[in-house]
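These notes concern the structure reproduced below.
Note that this is a predicted model, so its numbers are computed, not measured. In each ligand, atom 1 is the first atom listed, and ligand 1 is the first ligand listed. Here, residue 1 is the first one in the sequence, and each next residue gets the next number.
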Amino acid sequence: METTSATALRDLTTLRLGGPAGRLVEARDEAAVVDAVRRADRAGEPLLVLAGGSNVVVADEGFPGTVVRIATRGIAEADGEEGRVRLEVQAGEPWDPLVGRCVAAGLAGVECLSGIPGSVGATPIQNVGAYGQEVAETIRSVRVLDRARDAVVELGAGECGFSYRSSAFKRTPGRWVVLAVAFELERSAASAPIRYAELARRLGVQLGDRAPLAAVREAVLELRRGKGMVIDPADPDSVSAGSFFTNPVLDGAAFTALERRVAERLGEGARPPGFPDADGRVKTSAAWLIERAGFTRGHGDPRGIAISAKHTLALTNRGAGTTAELVALAREIAGGVRDAFGVELVPEPVFVGHAWDER
Ligand SMILES: Cc1cc2nc3c(=O)[nH]c(=O)nc-3n(C[C@H](O)[C@H](O)[C@H](O)COP(=O)(O)OP(=O)(O)OC[C@H]3O[C@@H](n4cnc5c(N)ncnc54)[C@H](O)[C@@H]3O)c2cc1C
């Protein structure tokens, strides 16, 4: 365990934004994580658990407490149920190398999640997903430190409350610190059925077909690179927190109201994208709404905060930006979509040291 003070959090985030941490503790094994969290709790200090820093928007003022950086490593393989393979992975393991390892070993179930930055332990927090797959499909259990009970417990997948880009962990922030995640994967050289139209087209297969694991990983990485969604020091569009807003999920009446607003504004015949979701609700596209509300790729300050030149949903820091400017642009976009279409956009990343709702 290594403790330092006055570290600039911008150095630990993919947006390269955020002021100083009160104290930074780097924890390299489970016992060190538990110890660091318990010490902070007993001292009554505010606590931030941070790993890859790819899904946080940290205030310019920083975080006036203890930041525990999860740097644990280790992957244990065992037999799972019905011939599957069980991988128990330490929270600090980087996610994409794990996906690469599974693909190379002929283990199916996470291949569409290639290229997502960050750690394994953060994947259950927002039920990481992309290209028609999400981690909830393969997570079997999550070992956590439950700060409310001061106990290390194993939560089954059913107790994690997974939903679209959310979970019990995200809905009750700070209660659980993820120590390790157990996945169960199919032994198969072919992928899980492809559910995402753009990926199926790229692979030259029909929706519902399977494709070789390595081909799926390559296709996903190519699609993501084209959108600046793979971290690349040579790509300024990848200096982001990924998608800044989640796709709105609307009930039937709200989606009908949206269809009416779209027709009024864009002309009869114009229709918002709509994908059936749970409980009769409809998921629409945040990127489509942002574009139709008049925001274009690249909008913003070419040397500061701007919409990615490759993907309307990502807000980027071109170098000289601040968190205040990022939040101002995000509010301008959300306000534009609200005024044009009556839909409320919700940010996907976690705000640290400030809140989205502060006005
Ligand atoms: C270019 C880019 C593309 C992206 N694409 C996608 C995508 O396709 N799909 C997607 O779902 N996400 C995407 N993301 C978002 C992000 O990569 C994921 O949410 C990732 O899982 C975050 O991991 P992290 O280790 O960086 O978490 P951090 O940013 O360090 O933390 C995020 C949140 O999780 C909490 N947390 C982290 N680790 C733990 C732990 N061990 N225990 C408890 N809480 C913890 C933190 O406190 C914080 O609230 C993208 C981000 C970027 C920058």
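Residues that satisfy the salt bridge (charged side-chain N to carboxylate O under 4.0 Å, His left out) test with Asp150, not counting sequence neighbours, are Arg38, Arg42.
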Determine all donor-acceptor pairs shorter than 3.5 Å in which one atom belongs to a side chain in residues 253-260; sequence neighbours excluded.
unit_1, atom_1, unit_2, atom_2, d
Thr256, OG1, Gly252, O, 2.9
Glu259, OE2, Arg271, NH2, 3.3

May I have a table of the N/O to N/O pairs between ligand 1 and the protein that fall below 3.5 Å, each row giving the two atom names and the distance to 0.1 Å?
unit_1, atom_1, unit_2, atom_2, d
ligand 1, 5 (N), Arg224, NH2, 2.8
ligand 1, 8 (O), Arg224, NH1, 2.9
ligand 1, 8 (O), Arg224, NH2, 3.4
ligand 1, 9 (N), Gly129, O, 2.8
ligand 1, 11 (O), Gln126, NE2, 3.0
ligand 1, 11 (O), Gly129, N, 3.1
ligand 1, 12 (N), Gln126, NE2, 3.1
ligand 1, 17 (O), Ser54, OG, 2.8
ligand 1, 17 (O), Pro117, O, 3.0
ligand 1, 19 (O), Asn55, ND2, 3.2
ligand 1, 19 (O), Gln126, NE2, 3.0
ligand 1, 25 (O), Gly52, N, 2.8
ligand 1, 25 (O), Ser119, N, 2.9
ligand 1, 25 (O), Ser119, OG, 2.7
ligand 1, 26 (O), Gly52, N, 3.4
ligand 1, 26 (O), Gly53, N, 3.1
ligand 1, 26 (O), Ser54, N, 2.8
ligand 1, 26 (O), Ser54, OG, 2.6
ligand 1, 29 (O), Gly53, N, 3.4
ligand 1, 29 (O), Ser54, N, 3.0
ligand 1, 29 (O), Asn55, N, 2.8
ligand 1, 30 (O), Ala51, N, 2.8
ligand 1, 30 (O), Gly52, N, 3.3
ligand 1, 30 (O), Gly53, N, 2.9
ligand 1, 41 (N), Val178, O, 3.0
ligand 1, 42 (N), Val178, N, 2.8
ligand 1, 47 (O), Val49, O, 2.6

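Between the SG atom in Cys112 and the CD1 atom in Ile194 there is a gap of 4.5 Å [rounded to 0.5 Å].
The salt bridge (charged side-chain N to carboxylate O under 4.0 Å, His left out) pairs that include a residue from residues 291-309 are Glu291-Arg297, where partners are two or more places apart or lie in different chains.
Looking only at atom types and distance, the side chain of Ser141 has no donor-acceptor partner in the side chain of Arg143 under 3.5 Å away. Under 3.5 Å, the side chains of Asn127 and Ser167 contain no donor-acceptor pair of N or O atoms.
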